[in-house]
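Take a look at the structure set out below.
Only this structure's heavy atoms are used, side chains among them; waters, hydrogens and symmetry mates stay out. Lettering follows sequence order; numbering is per chain, from 1.
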Amino acid sequence: MTKYIDQGKNDTRSGYGDAMTELGRTNPNVVALCADLVGSLKIQPFIDENPERFFQIGIAEANMMGIAAGLTIGGKIPFASTFANFATGRVYDQIRQSIAYSGKNVKICASHAGVTLGEDGATHQILEDIGMMKMLPGMTVINPCDYNQTKAATLAIAEYDGPVYLRFGRPKVANFTPVDQKFEIGKAVMLSEGTDVTIVATGHLVWEALIAAEKLEEQGISAEVINIHTIKPFDEEAVLKSVKKTGCIVTAEEHNYLGGLGETVARTLTVQHPTPQEFVATQDTFGESGTPEQLMEKYGLNNKAIEKAVLRVLKRK
Amino acid sequence: MAKLDELQDIVVQTRRDILRMVHKVNSGHPGGSLGCTEFLVALYNEVMDLKEGFDMDGKDEDLFFLSNGHISPVFYSVLARKGYFPVEELNTFRLLNSRLQGHPTTHEGLPGVRVASGSLGQGMSVAIGAALAKKLNGDDHLVYSLHGDGELQEGQNWEAIMYAAGNKVDNLISTIDRNGQQIDGPTEEVLPLGNLKEKFEVFGWDVLEVAEGNNLEAIINGLNEAKSRTGKGKPVCIILDTMMGNGVDFMMHTHAWHGKAPSDEQLANALSQNPETLGDY
């Protein structure tokens, strides 16, 4: 299988922050909004260089979504950022009416998604956001896997006209995608070709999928690993092509199995090419306090869980 | 200034439009629409600086945002009579495949509408965003917004009110339609709003009250006064005392016509009180 090297652990939110710095220099229409979480979102350099294009909203996420919608009227490209929990469920109706239904070019940039924000616990974690956001008509949903890809995705969505939900996280994780890889919205990335099983993963689970594939290779199992960074619009062709070759699939995501990537894959396969599938996802539960590693272990969101799911699905072929 | 009698002709015709629109589909919100007719007619035909035609960005012109989207009948009529779209299209209000949805949207591309509204409490935030964009663009035009008084029970308004004052969004004029009524009854019974003027003032707004909110001359004077107070470091609020159902005697002094259409007989009675001026659609 194709080998990937961790170029040095980094957090995906820093990919966002560094891309914002770049956008501040290259795109005068880009403006940033934040609801009292500048440090967590890594956007201080953008603010330092473009104070007039930054809006500190305070702890008022509903107002932030509305102001972001308004800023598009006049040609601005607002990047509204806070924790994923407060960027989705807390303000779902504001996003629905003022942004999605109104077709506004707002980028909702959500850090600390999933359980891996860790010790703060379930009030600050969110495992339902992909589902909520992908159900909104016209909303693009992106969950990049590492620092490089988050940076590339942030740059790419500035060039795209329409509402986007960009989801990333808190912990430092492996940074393994090429630094210069172009980010194509809606286009899956083939990471490693294989013949026995397809593993599609999104976000932090992509690196775990690669580790799982290596371990499976040692057992003589050839896994194909695909990075689904864009959950909506979904790259059906990439998944269908792969399962037609392998005959079974495992989906992996830091999200509830309800509403996540796995369900999008299942729907596609059910309609077009019924295929045995196993889900690596949380099982309709809230998270809790703990270290990211402990939580990924407890909630079955790591390479071990993926490996087990592969062994299960292979028996169903 | 357009002659007051010309504006009054638009007011009366707009009332007829509202009544006929809601009667045709037996749904919609005539009470609040009639209460804000004079305000919106004055705003669009006398006060705002508007370009010909419509584009979403609205650069180099004043902008208006309707937050209490349920009074779409008056909004649609005023837009159509101003020339944003054919008045005949008022005939499609709330019908399948219409651009005139029950509550205003951008989704069907109706000229004059810049954001969807209906789920209450969101319009002031959007208006603030548009006002900030104007400042960034070096555009010294103003942003207007209209809100129901009952709508102020939604908490997002107070986030927006705090933000606008704290950040000196002084190119914004937000008007509160204080008709004292909401679906379940008088606002003071459903959830008292208290002293709105003081509330806005302690949040840092420049507030003026227009007691005769259905009097064209009083409205125009109030809006002009509000304009003169922009650019001075504070957002400006107009508290407009209006009469729900104004211009139709049996729709006044009650909240019964918030979301109810008139019967055939009631329509005939209401129209007889407002004889055709500019021609029905």
Side-chain angles (χ1 to χ4, degrees), chain A residues 24 27-36 50-80 82 86 90-108 136-139 161-163, chain B residues 54-65 67 69 101 103-110 113-139 141 143 145 154-167 169 171-172:
Chain A
N27 190 333
N29 286 324
V30 167
V31 298
L33 300 82
C34 197
D36 197 32
N50 314 278
E52 76 291 347
R53 283 196 274 148
F54 171 67
F55 302 98
Q56 171 59 270
I57 306 296
I59 310 164
E61 294 81 8
N63 191 35
M64 176 165 75
M65 294 305 168
I67 290 178
L71 278 160
T72 66
I73 301 164
K76 302 305 162 195
I77 306 171
F79 282 66
T82 180
F86 312 135
R90 187 180 181 95
V91 290
Y92 197 63
D93 188 47
Q94 284 78 14
I95 294 172
R96 182 176 181 275
Q97 176 172 283
S98 294
I99 296 174
Y101 186 40
S102 295
K104 296 305 182 201
N105 188 24
V106 173
K107 317 304 174 188
I108 300 162
L136 290 170
M139 182 65 72
D161 185 14
Chain B
F54 175 77
D55 64 77
M56 183 55 77
D57 279 347
K59 288 179 181 168
D60 302 315
E61 64 177 330
D62 291 341
L63 301 180
F64 170 74
F65 293 94
S67 188
Q101 292 289 298
H103 294 76
T105 84
T106 61
H107 199 255
E108 287 74 25
L110 186 69
V113 181
R114 288 193 166 86
V115 75
S117 61
S119 177
L120 294 171
Q122 301 186 27
M124 194 181 294
S125 301
V126 178
I128 289 169
L132 294 171
K134 285 211 175 293
K135 284 178 179 269
L136 281 175
N137 289 334
D139 177 354
H141 283 79
V143 176
S145 63
E154 292 280 7
Q156 184 182 347
N157 286 300
W158 300 96
E159 297 180 4
I161 291 164
M162 193 184 307
Y163 182 91
N167 290 277
V169 185
N171 53 345
L172 172 68

- prompt: Taking every heavy-atom pair that is under 4.5 Å apart, which of Val143(B), Asn157(B), Asn137(B), Ile128(B) has the most such pairs with chain A?
  reply: Asn137(B)

message: Can you tell me which portion of Val31(A) sits under 4.5 Å from chain B's heavy atoms? Options are side chain, backbone, both or neither.
response: side chain

task: Please name the pair of heavy atoms, one in Tyr101(A) and one in Glu108(B), separated by the smallest distance, quoted to 0.1 Å.
output: OH-OE1, 4.3 Å

query: Between Ser102(A) (side chain) and Ala116(B) (backbone), is there a donor-acceptor pair under 3.5 Å?
result: yes

field: Residue among Ala69(A), Gly58(A), Gly75(A) with most heavy-atom pairs under 4.5 Å to chain B
entry: Gly75(A)

task: Mind checking the CZ-NZ spacing from Arg114(B) to Lys104(A)? Nearest 0.5 Å is all I need.
output: 8.5 Å

message: Counting neighbours of CZ on Arg96(A) that are heavy atoms of other residues, nucleotides or ligands and sit closer than 6.0 Å, is the number greater than 12?
response: no

message: Would you compute the distance between atom NZ of Lys134(B) and atom NZ of Lys76(A) and round it to the nearest 0.5 angstrom?
response: 11.0 Å

task: Check for a donor-acceptor pair, side chain of Asp93(A) on one end and backbone N or O of Ser119(B) on the other, with a separation under 3.5 Å.
output: no

- prompt: Between CZ of Arg53(A) and CG of Leu136(B), what distance do you get to the nearest 0.5 Å?
  reply: 8.5 Å

query: To the nearest 0.5 Å, how far apart are CD in Gln94(A) and CD in Glu159(B)?
result: 8.0 Å

task: Specify which of Ala160(B), Ser125(B), Ala127(B), Gly58(B) makes the most heavy-atom pairs with chain A at under 4.5 Å.
output: Ser125(B)

task: Provide the closest heavy-atom pair for Thr106(B) versus Gly103(A) in the form atom of the first, atom of the second, distance.
output: OG1-N, 4.5 Å

message: How long is the straight-line distance from CG of Asn167(B) back to CD1 of Ile67(A), given to the nearest 0.5 Å?
response: 7.5 Å

- prompt: Given the options Ala133(B), Gly155(B), Gly166(B), which has more heavy-atom pairs under 4.5 Å with chain A than any of the others?
  reply: Ala133(B)

query: In Å and rounded to the nearest 0.5 Å, what is the CG to CD distance from Asn63(A) to Gln122(B)?
result: 11.0 Å

query: When you look at Phe65(B) and Ile73(A), which way does the side-chain contact (heavy atoms from CB on, under 4.5 Å) test go after all the steps?
result: CA-CA 11 Å; Phe65(B) 293 94; Ile73(A) 301 164; 3.5 Å; yes

- request: Can you tell which part of Lys59(B) gets under 4.5 Å to a heavy atom of chain A, answering side chain, backbone, both or neither?
  value: side chain

message: Is Ile57(A) close to chain B through its backbone or its side chain, or both, or neither, when contacts mean heavy atoms under 4.5 Å?
response: both

- prompt: In terms of heavy-atom proximity below 4.5 Å to chain A, should Glu154(B) be classed as side chain, backbone, both, or neither?
  reply: neither

- prompt: Considering residues at least two apart in sequence or located in another chain, which fulfil the salt bridge (Lys or Arg N to Asp or Glu O under 4.0 Å) criterion with Asp57(B)?
  reply: none

